[in-house]
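Note on naming: letters A, B, ... go to the chains in the order of the sequence lines (proteins, then strands), and numbering restarts at 1 for each one. Being a predicted model, the structure only gives us computed values, none of them experimental.
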Number of protein chains: 2
Amino acid sequence: MPTDEREANELLARLAKALGHPARVAIMRLLVRREGCVCGEIVDELPFAQSTVSQHLKQLKEAGLIRGEVDGPRVCYCVEPGAVALLRALVEGL
Amino acid sequence: MPTDEREANELLARLAKALGHPARVAIMRLLVRREGCVCGEIVDELPFAQSTVSQHLKQLKEAGLIRGEVDGPRVCYCVEPGAVALLRALVEGL
DNA sequence: CCCATTCATCGTAAATCGCCGATGAACGAA
DNA sequence: TTCGTTCATCGGCGATTTACGATGAATGGG
């Protein structure tokens, strides 16, 4: 949790921006629900091409919301520990 | 609070997208803090041109986060009642 | 009735987004 | 080594965002 307000604004903005698309919210919900890792099943759950889903995952990863670990030929994604809590705290601190 | 998950996703995405810029987070914080209405003072608080701030305000308004009431030659903005609570609930429900 | 103030909107330019198909890289299996 | 699978990345397209200055509409003061 940043003490500086400017930092808090930028951090919250970064997280919020990452959630600023229904598909990415759906991905987050999916990963929280299974609270473990998932892979290309995410693609099956969404009505988008594989490359599109991959880009959404990239955005969530770059925002620090999720993490992807290589597991053989596939990649398992899971929620970055503490990320949701941080988001909640930032929204709470509005 | 929507019961349908798709609706919840779209709503959260809409709110999050509106918060997806540091300036807009700063505006929200400003309005929450004064928990009343403010006008062009917002412009003075931000390092942007008046027209730019006006656009940010428009986005927040369209997302349902703030409201603007005309008061003579100026416009007073305030947080839409319940909007922050709704946002918190949606983030909580992740 | 003017004029200044306040704010929204328009027009514009650069950057980013969102989507796709195609390609590339990494890995396991045969 | 040669496939097939899985996923990331590239290239491209139209749409959207972000920023600005300029203009326009509404209001109140003189």
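- Among residue pairs with one or both ends in residues 43-58 of chain A, those qualifying as side-chain hydrogen bond (donor to acceptor under 3.5 Å, both in side chains) are R24(A)-H56(A); sequence neighbours excluded.
- Checked against side-chain hydrogen bond (donor to acceptor under 3.5 Å, both in side chains), R29(B) has the following partners two or more places apart in sequence or in another chain: N9(A).
- Considering only residues two or more places apart in sequence or on other chains, K61(B) meets the side-chain contact (heavy atoms from CB on, under 4.5 Å) condition with I66(B), Y77(B).
- For T52(B), no side-chain nitrogen or oxygen approaches OP1 or OP2 of dA19(D) to under 4.0 Å.
- In this structure, E69(A) has no side-chain hydrogen bond (donor to acceptor under 3.5 Å, both in side chains) partners at least two apart in sequence or on a different chain.
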Between the protein and nucleotides 11-17 of chain C, which nitrogen or oxygen pairs come in under 3.5 angstrom?
from: dC17(C); atom 1: OP1; to: K17(A); atom 2: NZ; distance (Å): 3.4

Under 3.5 Å donor-acceptor pairs involving side-chain atoms of residues 80-94 of chain A, not counting sequence neighbours:
from: E80(A); atom 1: OE1; to: R67(A); atom 2: NE; distance (Å): 3.4
from: E80(A); atom 1: OE2; to: R67(A); atom 2: NH2; distance (Å): 2.5
from: R88(A); atom 1: NH1; to: V91(B); atom 2: O; distance (Å): 3.0
from: R88(A); atom 1: NH1; to: E92(B); atom 2: O; distance (Å): 2.8

Practice prompt. Using a 4.0 Å heavy-atom cut-off, write out nucleotides 22-30 of chain D from 5' to 3' as B (base contacted by protein), S (sugar-phosphate only) or - (no contact).
Written response: B----SS--

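- Contact between L46(B) and A23(B) at its shortest, heavy atoms only, is CD1-O, 4.3 Å.
- Qualifying side-chain contact (heavy atoms from CB on, under 4.5 Å) partners for D4(A), counting only residues two or more places apart in sequence or in other chains: R6(A), E7(A).
- L19(B) places its CG atom 17 Å from the C1' atom of dT18(D), with the value rounded to the nearest Å.
- Atom C1' of nucleotide dG18(C) and atom NZ of K58(A) are separated by 14 Å, given to the nearest angstrom.
- In this structure E41(B) satisfies the salt bridge (Lys or Arg N to Asp or Glu O under 4.0 Å) test together with R34(B), sequence neighbours excluded.
- Counting only Watson-Crick or G-U wobble pairs whose defining distances are both under 3.5 Å, the stems of 3 or more consecutive pairs in DNA chain C are C:1-30 with D:1-30.
- For H56(B) and dA19(D), the shortest distance from a side-chain N or O to OP1 or OP2 is below 4.0 Å.
- Sequence neighbours left out, not one pair with a member in residues 70-79 of chain A passes salt bridge (charged side-chain N to carboxylate O under 4.0 Å, His left out).
- With sequence neighbours excluded, no residue satisfies salt bridge (Lys or Arg N to Asp or Glu O under 4.0 Å) with E62(B).
- One interatomic measurement links the two molecules: CZ of F48(B) to P of dC7(C), which rounds to 18 Å at whole-angstrom precision.
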